[in-house]
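Only one structure is covered here, and it is reproduced in the block below.
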Amino acid sequence: MISLLSFLLNWSAPRGGPKKEAAGSSAAIQLNHYPACPDPDRAMGLAPHTDSTLVTILHQSNTSGSQELRAGGGTGWVTVPPIRGGLVVHIGDLLHILSNGLCLSVVHRAMVNRDRNRISIAYLHGPPSNVRISPVQKLVGPSQPQMYRAVSWSEYHRLF
Ligand SMILES: O=C(O)CCC(=O)C(=O)O
Ligand SMILES: [Fe+2]
């Protein structure tokens with residue numbers, strides 16, 4: 001997955017452009033702890049959001065709580081059950097932009113549990129913070145106009 005992203009980043013760099021710069025990446029690990037909550041219906045672990053990353057890889061402990069909003073006009077939240085040894089991959093906003101909207105970034109949230117603590121570990125993967133991401137040119141054409149302008153991860157954080 002990560003090599004595919006590096007490939008796409010190089011592919012989307014302008015001809016003769018900053019290949020060397022685009023070959024890198026930046027990443028962070030986020031540790032989330034959601035203490036048990038006696039009244040879970042009145043508390044939110046993590047409010048609905050999309051990740052600003054290219055992709056996020058999430059490990060969750062064996063307490064469920066991760067939910068994703070059904071894509072494509074469906075209703076409601078879908079719980080992502082913890083699977084032993086399994087990881088959840090979230091498409092982030094920058095991959096959404098890179099793919100010119102073909103890969104949709106996923107709206108997700110975390111719920112709290114009445115009796116049990118929950119932890120999750122998110123690996124946030126993105127491009128080098130100053131490399132500008134724009135839709136891969138092969139995905140732009142007369143029937144698929146460019147949907148997003150070029151933006152760097154640091155600029156994106158300032159804007160949103
Ligand atoms: O804990 C979860 O299930 C979600 C964590 C998350 O969305 C994040 O760290 O960005
Ligand atoms: Fe997230």
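These values consider heavy atoms only, across backbone and side chains, with no hydrogens, waters or symmetry-generated copies. Read the numbers this way: they start at 1 and go in the same order the structure lists the ligands and their atoms.
By the criterion of side-chain heavy atoms lying less than 4.5 angstrom apart, applied directly or through intervening Ile, Leu, Val, Met, Phe, Trp or Tyr residues, Tyr148 is grouped together with Leu159 in one hydrophobic cluster. In terms of hydrophobic clustering, with Ile, Leu, Val, Met, Phe, Trp and Tyr side chains grouped at heavy-atom distances under 4.5 Å, Met111 and Val107 are assigned to different clusters.
Residue Leu46 holds its CG atom at 7.0 Å from NE2 of His108, rounded to the nearest 0.5 Å. Going from atom OG1 of Thr50 over to atom CD1 of Ile91 covers 12.0 Å, rounded to the nearest 0.5 Å. For the atom pair His49 NE2 and Leu69 CG, the distance stands at 12.5 Å (nearest 0.5 Å).
When each of Arg84, Arg118, Arg116 is paired with Asn62, the side-chain hydrogen bond (donor to acceptor under 3.5 Å, both in side chains) condition holds for Arg116 and for no other.
Nearest to the Fe ion (ligand 2), among the N, O or S atoms that Asp51 has, is OD1.
Annotation: side-chain hydrogen bond (donor to acceptor under 3.5 Å, both in side chains) contacts of Glu68 (sequence neighbours excluded): His90.
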Starting from the N and O atoms of ligand 1, find every protein N or O within less than 3.5 Å and list the pair with its distance.
residue, atom, partner, partner atom, Å
ligand 1, 1 (O), Tyr34, OH, 2.7
ligand 1, 1 (O), Arg118, NH1, 3.2
ligand 1, 1 (O), Ser120, OG, 2.7
ligand 1, 3 (O), Ser66, OG, 3.0
ligand 1, 3 (O), Arg118, NH1, 3.4
ligand 1, 3 (O), Arg118, NH2, 3.0
ligand 1, 7 (O), His49, NE2, 3.2
ligand 1, 7 (O), His108, NE2, 3.0
ligand 1, 9 (O), Gln30, NE2, 3.0
ligand 1, 9 (O), Asn32, ND2, 3.0
ligand 1, 10 (O), His49, NE2, 3.3
ligand 1, 10 (O), Asp51, OD1, 3.3

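Between the NE2 atom of His108 and the NE2 atom of His49, the angle taken at the Fe ion (ligand 2) works out to 90° after rounding to 10°.
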